[in-house]
Participant: 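Quick one: the structure is below, questions incoming.
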Amino acid sequence: MNKHIIIFSLFLSAISCEAQNEVQKRKIDSLAYLSRAKADAILGTFDKIKTAKVLFSISDEFYFVILKESNHFEEYYFHTDSVGDIKVKHNSRTPKKYHKLLIKAFNFCNYKNDFVTRVLNPKESNVNLSYFVLKDEDGRRFGEYSLLVITVPYPIDIQFHSYLLKSLLSEYSNEAKNQIKPN
(Lines give C-alpha, C1' and ligand atoms only; values in the text may rest on other atoms or scores of the structure.)
Protein backbone atom coordinates (compact mmCIF):
# COMPACT_ATOMS: atom_id res chain seq x y z
CA MET A 1 0.00 0.00 0.00
CA ASN A 2 2.81 2.41 0.90
CA LYS A 3 4.36 1.74 -2.53
CA HIS A 4 1.14 2.83 -4.21
CA ILE A 5 0.96 6.00 -2.14
CA ILE A 6 4.57 6.89 -2.99
CA ILE A 7 4.07 6.17 -6.70
CA PHE A 8 0.84 8.15 -6.72
CA SER A 9 2.57 11.07 -4.94
CA LEU A 10 5.40 11.05 -7.49
CA PHE A 11 2.86 10.96 -10.31
CA LEU A 12 1.00 13.97 -8.89
CA SER A 13 4.30 15.80 -8.40
CA ALA A 14 5.27 15.20 -12.03
CA ILE A 15 1.89 16.49 -13.23
CA SER A 16 2.26 19.55 -11.02
CA CYS A 17 5.75 20.31 -12.43
CA GLU A 18 4.51 19.94 -16.00
CA ALA A 19 1.58 22.27 -15.28
CA GLN A 20 3.95 24.85 -13.78
CA ASN A 21 6.16 24.62 -16.89
CA GLU A 22 3.13 25.22 -19.09
CA VAL A 23 2.09 28.25 -17.02
CA GLN A 24 5.64 29.63 -17.30
CA LYS A 25 5.64 29.15 -21.10
CA ARG A 26 2.32 30.97 -21.41
CA LYS A 27 3.62 33.81 -19.24
CA ILE A 28 6.71 34.15 -21.48
CA ASP A 29 4.52 34.16 -24.59
CA SER A 30 2.25 36.82 -23.08
CA LEU A 31 5.26 39.03 -22.34
CA ALA A 32 6.50 38.49 -25.89
CA TYR A 33 3.21 39.73 -27.37
CA LEU A 34 3.25 42.70 -25.00
CA SER A 35 6.76 43.53 -26.27
CA ARG A 36 5.47 43.28 -29.83
CA ALA A 37 2.62 45.68 -29.12
CA LYS A 38 4.92 48.24 -27.49
CA ALA A 39 7.42 47.93 -30.34
CA ASP A 40 4.64 48.41 -32.90
CA ALA A 41 3.67 51.64 -31.12
CA ILE A 42 7.24 52.91 -31.51
CA LEU A 43 7.40 51.80 -35.15
CA GLY A 44 4.04 53.50 -35.67
CA THR A 45 5.85 56.85 -35.52
CA PHE A 46 7.40 55.86 -38.87
CA ASP A 47 4.23 54.56 -40.58
CA LYS A 48 4.33 57.25 -43.25
CA ILE A 49 7.85 56.23 -44.28
CA LYS A 50 7.67 53.28 -46.70
CA THR A 51 10.98 51.54 -46.05
CA ALA A 52 12.43 48.55 -44.25
CA LYS A 53 12.84 49.03 -40.48
CA VAL A 54 14.68 47.23 -37.69
CA LEU A 55 13.69 47.58 -34.05
CA PHE A 56 15.65 46.26 -31.10
CA SER A 57 14.58 46.88 -27.52
CA ILE A 58 15.53 46.03 -23.98
CA SER A 59 12.95 45.76 -21.21
CA ASP A 60 10.24 47.36 -23.39
CA GLU A 61 11.70 50.71 -22.35
CA PHE A 62 14.82 51.34 -24.46
CA TYR A 63 14.45 51.13 -28.23
CA PHE A 64 16.89 51.34 -31.12
CA VAL A 65 15.36 51.70 -34.59
CA ILE A 66 17.17 51.66 -37.93
CA LEU A 67 15.50 52.81 -41.14
CA LYS A 68 16.96 51.84 -44.49
CA GLU A 69 17.02 54.91 -46.70
CA SER A 70 18.09 54.85 -50.36
CA ASN A 71 21.83 55.33 -49.78
CA HIS A 72 22.20 55.50 -45.99
CA PHE A 73 20.68 54.34 -42.72
CA GLU A 74 18.95 56.48 -40.11
CA GLU A 75 19.13 55.42 -36.47
CA TYR A 76 16.71 56.43 -33.74
CA TYR A 77 16.90 55.97 -30.02
CA PHE A 78 13.77 56.02 -27.85
CA HIS A 79 13.40 55.82 -24.09
CA THR A 80 9.86 55.31 -22.86
CA ASP A 81 8.26 55.27 -19.45
CA SER A 82 6.35 52.31 -18.03
CA VAL A 83 3.16 53.12 -19.96
CA GLY A 84 4.98 53.60 -23.27
CA ASP A 85 5.07 57.40 -23.43
CA ILE A 86 8.25 58.60 -25.12
CA LYS A 87 10.58 60.42 -22.71
CA VAL A 88 13.62 60.75 -24.98
CA LYS A 89 13.96 60.52 -28.75
CA HIS A 90 16.81 61.44 -31.05
CA ASN A 91 18.29 60.30 -34.30
CA SER A 92 21.57 60.11 -36.20
CA ARG A 93 23.04 58.60 -39.33
CA THR A 94 24.79 55.27 -39.15
CA PRO A 95 28.57 55.62 -39.48
CA LYS A 96 29.73 54.46 -42.93
CA LYS A 97 31.96 51.76 -41.46
CA TYR A 98 28.80 49.81 -40.49
CA HIS A 99 27.02 50.04 -43.86
CA LYS A 100 28.15 46.58 -45.05
CA LEU A 101 26.94 45.02 -41.80
CA LEU A 102 23.56 46.73 -42.10
CA ILE A 103 23.14 45.92 -45.80
CA LYS A 104 23.61 42.25 -44.84
CA ALA A 105 21.29 42.67 -41.84
CA PHE A 106 18.50 44.05 -44.03
CA ASN A 107 18.58 40.98 -46.30
CA PHE A 108 15.22 39.33 -45.56
CA CYS A 109 16.52 35.93 -46.72
CA ASN A 110 18.68 35.78 -43.56
CA TYR A 111 15.63 35.53 -41.30
CA LYS A 112 12.82 33.18 -40.43
CA ASN A 113 9.19 34.28 -40.34
CA ASP A 114 8.49 32.65 -36.95
CA PHE A 115 8.10 34.61 -33.72
CA VAL A 116 10.79 33.06 -31.50
CA THR A 117 10.16 33.15 -27.76
CA ARG A 118 12.36 30.16 -26.81
CA VAL A 119 15.50 28.51 -28.14
CA LEU A 120 16.57 24.92 -27.62
CA ASN A 121 19.21 24.37 -24.94
CA PRO A 122 19.76 28.06 -24.27
CA LYS A 123 22.70 29.48 -22.38
CA GLU A 124 21.19 32.57 -20.81
CA SER A 125 22.93 35.07 -18.57
CA ASN A 126 20.62 38.03 -18.18
CA VAL A 127 17.19 38.68 -16.75
CA ASN A 128 16.20 41.58 -19.03
CA LEU A 129 14.05 40.76 -22.04
CA SER A 130 14.99 41.94 -25.49
CA TYR A 131 12.80 42.18 -28.55
CA PHE A 132 13.84 42.28 -32.21
CA VAL A 133 11.99 42.60 -35.49
CA LEU A 134 12.84 43.47 -39.08
CA LYS A 135 9.84 44.77 -41.02
CA ASP A 136 9.72 45.18 -44.76
CA GLU A 137 8.03 48.07 -46.58
CA ASP A 138 4.66 46.32 -46.27
CA GLY A 139 4.98 45.61 -42.53
CA ARG A 140 5.75 41.88 -42.82
CA ARG A 141 7.88 40.63 -39.91
CA PHE A 142 11.20 38.82 -40.21
CA GLY A 143 13.52 37.39 -37.54
CA GLU A 144 11.16 38.42 -34.76
CA TYR A 145 12.09 37.27 -31.29
CA SER A 146 11.52 38.05 -27.63
CA LEU A 147 14.25 36.49 -25.49
CA LEU A 148 16.60 37.35 -22.68
CA VAL A 149 19.19 39.94 -23.79
CA ILE A 150 22.06 37.47 -23.73
CA THR A 151 20.80 34.17 -25.10
CA VAL A 152 22.98 31.72 -26.94
CA PRO A 153 22.38 30.64 -29.66
CA TYR A 154 21.34 33.99 -31.11
CA PRO A 155 18.41 33.88 -33.51
CA ILE A 156 20.05 36.65 -35.61
CA ASP A 157 23.59 37.29 -36.85
CA ILE A 158 25.87 37.68 -33.83
CA GLN A 159 27.74 40.68 -35.28
CA PHE A 160 24.47 42.46 -35.97
CA HIS A 161 23.17 41.60 -32.49
CA SER A 162 26.39 42.99 -31.01
CA TYR A 163 26.01 46.18 -33.05
CA LEU A 164 22.42 46.67 -31.88
CA LEU A 165 23.26 45.97 -28.25
CA LYS A 166 26.35 48.22 -28.30
CA SER A 167 24.47 51.05 -30.03
CA LEU A 168 21.51 50.90 -27.68
CA LEU A 169 23.69 50.81 -24.57
CA SER A 170 25.81 53.67 -25.91
CA GLU A 171 22.72 55.81 -26.46
CA TYR A 172 21.46 54.99 -22.98
CA SER A 173 24.85 55.86 -21.52
CA ASN A 174 24.84 59.22 -23.34
CA GLU A 175 21.34 59.91 -22.04
CA ALA A 176 22.41 59.12 -18.49
CA LYS A 177 25.47 61.41 -18.79
CA ASN A 178 23.29 64.26 -20.03
CA GLN A 179 20.95 63.86 -17.06
CA ILE A 180 23.79 64.05 -14.52
CA LYS A 181 25.37 67.29 -15.69
CA PRO A 182 27.10 69.19 -12.86
CA ASN A 183 25.56 72.52 -11.85
Side-chain angles (χ1 to χ4, degrees), residues 28-29 31-46 51-69 72-82 84 86-136 141-180:
I28 290 169
D29 287 343
L31 291 173
Y33 282 98
L34 182 60
S35 292
R36 175 190 267 187
K38 289 180 176 184
D40 283 348
I42 295 293
L43 286 174
T45 62
F46 302 104
T51 190
K53 305 162 183 79
V54 161
L55 179 139
F56 176 73
S57 71
I58 296 176
S59 300
D60 295 334
E61 185 178 348
F62 307 100
Y63 297 86
F64 191 69
V65 176
I66 305 172
L67 303 183
K68 183 179 181 185
E69 300 293 339
H72 68 278
F73 297 91
E74 291 285 327
E75 297 181 349
Y76 294 83
Y77 168 75
F78 294 84
H79 182 176
T80 64
D81 61 17
S82 60
I86 297 170
K87 293 170 29 177
V88 176
K89 174 188 174 186
H90 71 82
N91 76 308
S92 61
R93 278 198 175 179
T94 303
K96 285 201 182 268
K97 68 181 182 178
Y98 296 111
H99 278 219
K100 284 184 182 177
L101 175 67
L102 293 184
I103 288 169
K104 180 182 170 187
F106 274 83
N107 182 347
F108 299 107
C109 296
N110 294 331
Y111 300 94
K112 296 179 180 180
N113 290 345
D114 301 335
F115 188 3
V116 177
T117 58
R118 289 178 218 94
V119 293
L120 294 176
N121 303 317
K123 293 181 176 92
E124 302 166 330
S125 65
N126 196 305
V127 294
N128 290 322
L129 282 177
S130 66
Y131 175 84
F132 171 87
V133 69
L134 166 62
K135 282 188 165 185
D136 69 6
R141 300 170 191 275
F142 297 85
E144 185 177 27
Y145 70 80
S146 179
L147 298 167
L148 296 178
V149 173
I150 306 297
T151 300
V152 177
Y154 295 104
I156 63 172
D157 178 76
I158 191 166
Q159 289 178 318
F160 184 45
H161 181 268
S162 295
Y163 175 76
L164 293 169
L165 188 57
K166 180 186 72 119
S167 299
L168 182 64
L169 294 175
S170 174
E171 292 292 342
Y172 174 71
S173 176
N174 290 337
E175 177 191 345
K177 285 178 192 175
N178 290 334
Q179 289 179 354
I180 308 175

Participant: Within this structure, what is the OG-CZ distance for the pair S146 and F132, rounded to the nearest 0.5 Å?
Facilitator: 13.0 Å

Participant: Identify the two heavy atoms, one from Y145 and one from P155, that lie closest to each other, and give their separation to 0.1 Å.
Facilitator: CD2-CG, 3.4 Å

Participant: For a 4.5 angstrom cut-off between non-hydrogen side-chain atoms, does L134 reach I156?
Facilitator: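 No - every pair of side-chain heavy atoms lies 4.5 Å or more apart.
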
Participant: Would you name the heavy atoms of F106 and I66 that are closest together and state the gap between them?
Facilitator: CZ-O, 3.6 Å

Participant: Can you find a side-chain donor-acceptor pair between E144 and Y131 that sits under 3.5 Å?
Facilitator: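 Yes, because at least one side-chain N or O of E144 sits under 3.5 Å from a partner of the opposite role on Y131.
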
Participant: Ion pair present between D40 and R141, side-chain N to carboxylate O less than 4.0 angstrom?
Facilitator: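 Judged by the 4.0 Å cut-off on N to carboxylate O distance, D40 and R141 do form a salt bridge.
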
Participant: Distance from K53 atom NZ to Y76 atom OH, nearest 0.5 Å?
Facilitator: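 So the NZ of K53 and the OH of Y76 are separated by 10.5 Å.
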
Participant: What do you reckon, is OH of Y172 surrounded by more than 12 foreign heavy atoms closer than 6.0 Å?
Facilitator: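 Result for OH/Y172: open.
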
Participant: Ignoring hydrogens and geometry, is there a side-chain-to-backbone donor-acceptor pair from Y98 to Y163 under 3.5 Å?
Facilitator: no

Participant: Would you check if T94 and L102 make a side-chain contact, meaning some heavy-atom pair closer than 4.5 Å?
Facilitator: yes

Participant: Considering only heavy atoms from C-beta outward, does the side chain of F78 approach that of T45 to under 4.5 Å?
Facilitator: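 In contact.
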
Participant: Test side chain to side chain contact (heavy atoms under 4.5 Å, CB included) on L67 and E69; report intermediate values, then the result.
Facilitator: CA-CA 6 Å; L67 303 183; E69 300 293 339; 4.0 Å; yes

Participant: Parallel, tilted or perpendicular: which fits the ring planes of H161 and Y154, with parallel below 30° and perpendicular above 60°?
Facilitator: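 Plane angle between 30° and 60°, so tilted.
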
Participant: Suppose we screen for side chain to side chain contact (heavy atoms under 4.5 Å, CB included). Which residues come up paired with K87, at least two apart in sequence or across chains?
Facilitator: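 Here the qualifying residues are H79, D81.
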
Participant: Any side-chain heavy-atom pair from L129 and S59 closer than 4.5 angstrom?
Facilitator: no

Participant: With a 4.5 Å heavy-atom cut-off, do L31 and D60 have their side chains touching?
Facilitator: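 When only atoms from C-beta onward are counted, D60 and L31 do not touch, as no gap falls below 4.5 Å.
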
Participant: Roughly how far, to the nearest 0.5 Å, is CG of L148 from CD1 of I58?
Facilitator: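 Answer for the CD1-CG pair, I58 versus L148, is 11.5 Å.
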
Participant: Could you measure the distance from the CZ atom of R36 to the OG1 atom of T117? Nearest 0.5 Å is fine.
Facilitator: 10.5 Å

Participant: Who passes side-chain hydrogen bond (donor to acceptor under 3.5 Å, both in side chains) against E74, sequence neighbours left out?
Facilitator: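 Once residues adjacent in sequence are excluded, the partners of E74 under the side-chain hydrogen bond (donor to acceptor under 3.5 Å, both in side chains) criterion are H72, N91, R93.
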
Participant: Less than 4.5 Å apart, any side-chain heavy atom of K135 and any of V133?
Facilitator: yes

Participant: Quick one: are F56 and V65 in side-chain contact, heavy atoms under 4.5 Å?
Facilitator: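 Heavy-atom side-chain distance check fails, nothing below 4.5 Å.
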
Participant: Applying side chain to side chain contact (heavy atoms under 4.5 Å, CB included), can you list everything that pairs with N113, at least two apart in sequence or on another chain?
Facilitator: F142

Participant: Are side-chain N/O atoms of H90 and E175 paired as donor and acceptor at under 3.5 Å?
Facilitator: no

Participant: For the side chain of S170 and the backbone of K166, is there at least one donor-acceptor N/O pair under 3.5 Å apart?
Facilitator: no

Participant: Which label fits F62 and Y77: parallel for a plane angle under 30°, tilted from 30 to 60°, or perpendicular past 60°?
Facilitator: parallel

Participant: Just jot down the side-chain hydrogen bond (donor to acceptor under 3.5 Å, both in side chains) partners of S167, sequence neighbours excluded, or say none.
Facilitator: none

Participant: Output all residues satisfying side chain to side chain contact (heavy atoms under 4.5 Å, CB included) with D157, sequence neighbours left out; order by chain, then residue number.
Facilitator: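 Applying side chain to side chain contact (heavy atoms under 4.5 Å, CB included) to D157 gives L101, K104, Q159, F160.
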
Participant: With sequence neighbours left out, what residues match T80 under side chain to side chain contact (heavy atoms under 4.5 Å, CB included)?
Facilitator: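 Checked T80 against side chain to side chain contact (heavy atoms under 4.5 Å, CB included); matches are I42, E61, Y63, I86.
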
Participant: Return the minimal non-hydrogen interatomic distance between L55 and A39, and the atom names on each side.
Facilitator: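 Closest heavy-atom pair between L55 and A39: CD2-CB, 3.6 Å.
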
